[in-house]
Amino acid sequence: MPKPVEAAEPMPAAAPAPVQASAPAPSDAPSGDGRLNHAAWLELFPALGLGGITRNIGAHCLVEHDDGTHLKLRLDPAQSAMMADVHRERIHKALAGQGVVRELEINVGPLPEGLETPHSRRIRLLGERQLRAVEALRADPHIQSLEQQLGARLIEESVNSFEPDNF
């Protein structure tokens, strides 16, 4: 006599994938298609390994446009006096070394307010680091004891932070 076939339990229906409204990505979000934008430039800049005047020029640039083959940077006019083809070529070579192979154009022009260059970002981060170091010293019970018992005072401008500088 043949064995009765057991009915297989039905598989639970897959839950429908949640529907997400597609919102436009902010202009400073890293681009998923390999093109450089503002956020990607700020993250990439320290890895370029630039030095001297070339580093200073690059640190005062913003990404104006990247279509995947042609990259336009905008240089702060206050830093344009030292701009020369040799610096553009060095930045071009450094970008290529990081996998960003593009024709490179650097235009001098006013920078939009509210966007940081690698330089202005570094200045902001250094200021924040300085503030954290001063706050840590102010909260230190040994420093507080010296201030109370000996009338010592913390000279905030003399405080240096020893966190690594990734710029």
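Among all heavy-atom pairs drawn from I106 and C61, the shortest one is CG2-SG, 4.2 Å.
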Could you pull out all donor-acceptor pairs under 3.5 Å where a side-chain atom in residues 77-87 meets a protein atom, sequence neighbours excluded?
{"unit_1": "Q79", "atom_1": "OE1", "unit_2": "N56", "atom_2": "ND2", "d": "2.9"}
{"unit_1": "S80", "atom_1": "OG", "unit_2": "P77", "atom_2": "O", "d": "2.8"}
{"unit_1": "H87", "atom_1": "ND1", "unit_2": "T54", "atom_2": "OG1", "d": "2.6"}

* Given side chain to side chain contact (heavy atoms under 4.5 Å, CB included), test L75 with N107 step by step and report yes or no. => CA-CA 6 Å; L75 174 62; N107 299 313; over 6 Å; no
* Assess whether side chain to side chain contact (heavy atoms under 4.5 Å, CB included) is satisfied between E147 and L154, documenting all intermediate values. => CA-CA 8 Å; E147 289 176 331; L154 179 64; 4.0 Å; yes
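Considering R88, H70, H92 in turn, H70 is the only one that fulfils the side-chain hydrogen bond (donor to acceptor under 3.5 Å, both in side chains) rule with E105.
For the pair L48 and W41, the minimum side-chain heavy-atom distance is below 4.5 Å. Counting heavy atoms from C-beta on, the side chains of E135 and L131 come closer than 4.5 Å. Looking at V159 and L137, their side chains come closer than 4.5 Å, going by heavy atoms from C-beta outward. Residues R121 and F45 are not in side-chain contact: their nearest non-hydrogen atoms beyond the backbone lie 4.5 Å or more apart. With a 4.5 Å cut-off on side-chain heavy atoms, T69 and E103 do not count as touching.
One hydrophobic cluster, built from ILVMFWY side chains closer than 4.5 Å, holds both V108 and I91. Side-chain heavy atoms closer than 4.5 Å link hydrophobic residues (I, L, V, M, F, W, Y) into clusters, and following such links, even through other members, never connects L42 to L95.
A salt bridge is defined here as a Lys NZ or Arg NE, NH1 or NH2 lying under 4.0 Å from an Asp or Glu carboxylate O, and R138 with E156 meets this definition. A salt bridge links E128 with R124; the closest basic N to acidic carboxylate O contact falls under 4.0 Å.
Residues passing the ring-ring contact (aromatic ring centres under 6.0 Å, His included) test with H60 are H119, sequence neighbours excluded.
In this structure, the separation between CD on E116 and CG on L62 is 10.0 Å, given to the nearest 0.5 Å. Atoms CG and CD, on L36 and Q98 in that order, are 10.5 Å from each other to the nearest 0.5 Å.
Listed by first and then second residue, the salt bridge (Lys or Arg N to Asp or Glu O under 4.0 Å) pairs that reach into residues 63-79 are E64-R74, D66-R102, sequence neighbours excluded.
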